[in-house]
Amino acid sequence: MKKRQELYAGKAKSVHTTDDPDRLVLTFRDDTSAFDGERVESLARKGMVNNRFNAFIMGKLEEAGIPTHFDALLSDTECLVKKLDMIPVECVVRNIAAGSLVKRLGVEEGQALTPPTFELFLKNDALHDPMINESLAETFDWATPQQLAEMKALTFKVNQVLKALFAEGDLLLVDYKLEFGVFKGNIVLGDEFSPDGCRLWDAATREKLDKDRFRQGLGGVIEAYEEVGRRIGVCIS
Ligand code: ADP
Ligand code: TMP
Ligand code: ASP
């Protein structure tokens with residue numbers, strides 16, 4: 001499938017049309033952003049690592065019955081996906097307190113969250129992805145109540161599948177963000193699942209092996225992503 005016109009260049013991926021009006025090519029770049037694009041750096045190999053990582057995870061989710069946009073890997077940094085009408089709402093599940101939850105509520109980082117929490121954020125960098133709720137999403141037509149219910153159920157189903165998968169690699173799935181869209185009337189998981197959009201800690205030492213290494217200037221960012229990939233069986237180059 002040939003790339004045609006660039007539709008959109010995001011902070012980490014570029015989106016191209018193809019000959020098929022229902023399919024897009026996503027190109028994973030090495031660009032790495034934090035704080036809603038306020039800090040951007042290029043990290044060698046990141047595009048390739050995240051593209052392969054995402055393909056592996058999307059395959060596992062499909063096997064578990066979760067509808068995803070993923071069709072095929074096209075190259076080291078490109079994949080073919082279904083073209084979704086994206087819903088501008090980010091779904092976040094947390095198993096362990098970290099990140100913005102710790103800042104917002106003053107709870108201790110590392111506290112187990114039972115049951116896991118579910119939050120919605122508006123995808124809007126200029127507004128720093130503000131937290132929203134079902135009522136706001138419905139009123140402003142970002143998503144219908146039925147779409148929100150499906151997104152929530154699928155986001156928790158992803159938790160079951162991925163907590164178990166990462167546990168096999170002695171990793172804790174601390175939290176993650178998912179984006180959904182609509183394809184031919186159905187809710188489908190879109191965007192990516194990679195260490196850019198989740199938190200993963202070593203189960204024994206609680207060492208951070210995700211994008212917090214970049215946000216917090218800890219170094220070894222891509223080495224950590226590769227370590228996670230190696231532990232769960234992702235084939236990286
Ligand atoms: P951002 O927009 O946050 O900077 P990226 O750099 O990852 O993010 O850009 C990818 C863009 O493509 C995002 O806006 C995402 O919502 C969108 N997207 C992801 N998957 C699909 C899809 N299957 N169909 C249409 N758009 C998609
Ligand atoms: P937070 O602690 O900053 O709210 O983030 C929770 C999780 O969701 C964390 O793994 C990072 C991810 N996330 C993104 O990747 N992009 C976003 O825009 C948001 C709000 C969260
Ligand atoms: N995903 C957002 C960004 O790329 C937020 C973050 O990762 O800190 O800027």
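Just so you know, these numbers come straight off a predicted model, no measurement behind them. For ligands, and for the atoms within them, numbers begin at 1 and follow the listed sequence. Every heavy atom of this structure was used, including side-chain atoms; hydrogens, water molecules and symmetry mates were not.
Close approach of ligand 2 to Cys198 (heavy-atom distance below 4.0 Å) involves ligand atoms 10 (O). For ligand 2, the atoms lying closer than 4.0 Å to a non-hydrogen atom of Asp129 are 17 (C), 18 (O). Annotation for ligand 2: atoms under 4.0 Å from non-hydrogen atoms of Arg215 are 11 (C). Taking every heavy atom of Gly99 and a limit of under 4.0 angstrom, the matching atoms of ligand 2 come to 2 (O). Every atom of ligand 2 is numbered from 1 in the order shown, and the set under 4.0 Å from a heavy atom of Asp196 is 15 (O).
Sequence neighbours left out, the pairs with a member in residues 80-91 that pass side chain to side chain donor-acceptor pair (under 3.5 Å) are Asp71-Lys82.
Comparing heavy-atom distances from atom 20 (C) of ligand 2 across Lys123, Glu90, Glu119, Lys11 singles out Glu90 as nearest. The nearest non-hydrogen atom to atom 9 (C) of ligand 2, considering only Leu173, Asp175, Val93, comes from Asp175. Counting heavy atoms only, Lys177 comes closest to atom 14 (C) of ligand 2 of the residues Lys177, Arg94, Glu192, Arg199.
For the residue pair Asn95 / Asn159, a side-chain donor-acceptor distance below 3.5 Å is found, with atom types taken as modelled. Judged by distance alone, the side chains of Ser33 and Arg215 never bring a donor and an acceptor atom under 3.5 Å apart. Between the side chains of Ser14 and Arg29, at least one donor N or O sits under 3.5 Å from an acceptor N or O.
Around ligand 1 you find Tyr8, Gly10, Lys11, Ala12, Lys13, Val15, Leu24, His69, Val81, Lys82, Lys83, Leu84, Met86, Lys123, Glu179, Asp191, each with a heavy-atom distance below 4.0 Å.
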Steps toward side-chain hydrogen bond (donor to acceptor under 3.5 Å, both in side chains) verdict (Glu192, Ser194): CA-CA 6 Å; Glu192 70 178 276; Ser194 76; 2.6 Å; yes

Full working for side-chain hydrogen bond (donor to acceptor under 3.5 Å, both in side chains) between Gln5 and Thr17: CA-CA 5 Å; Gln5 213 182 325; Thr17 58; 4.8 Å; no

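Although no hydrogens or angles enter the test, the distance criterion places a donor-acceptor pair under 3.5 Å between the side chain of Arg206 and the main chain of Gly110.
By the 30° and 60° cut-offs, the orientation of the rings of Phe166 relative to Phe53 is parallel.
Residue-to-ligand polar distances place Ser100 within reach of ligand 2: an N/O pair is separated by less than 3.5 Å.
Contact check on Asp196 versus Lys13 returns no salt bridge, with no Lys/Arg side-chain nitrogen under 4.0 Å from an Asp/Glu carboxylate oxygen. The pair Lys177-Asp191 meets the salt-bridge criterion, with a side-chain N (NZ, NE, NH1 or NH2) lying under 4.0 Å from an Asp/Glu carboxylate O.
Taken together through direct or relayed side-chain contacts under 4.5 Å among Ile, Leu, Val, Met, Phe, Trp and Tyr, Leu165 and Val93 form part of one hydrophobic cluster.
Within the 4.0 Å heavy-atom shell around ligand 2 one does not find Met131.
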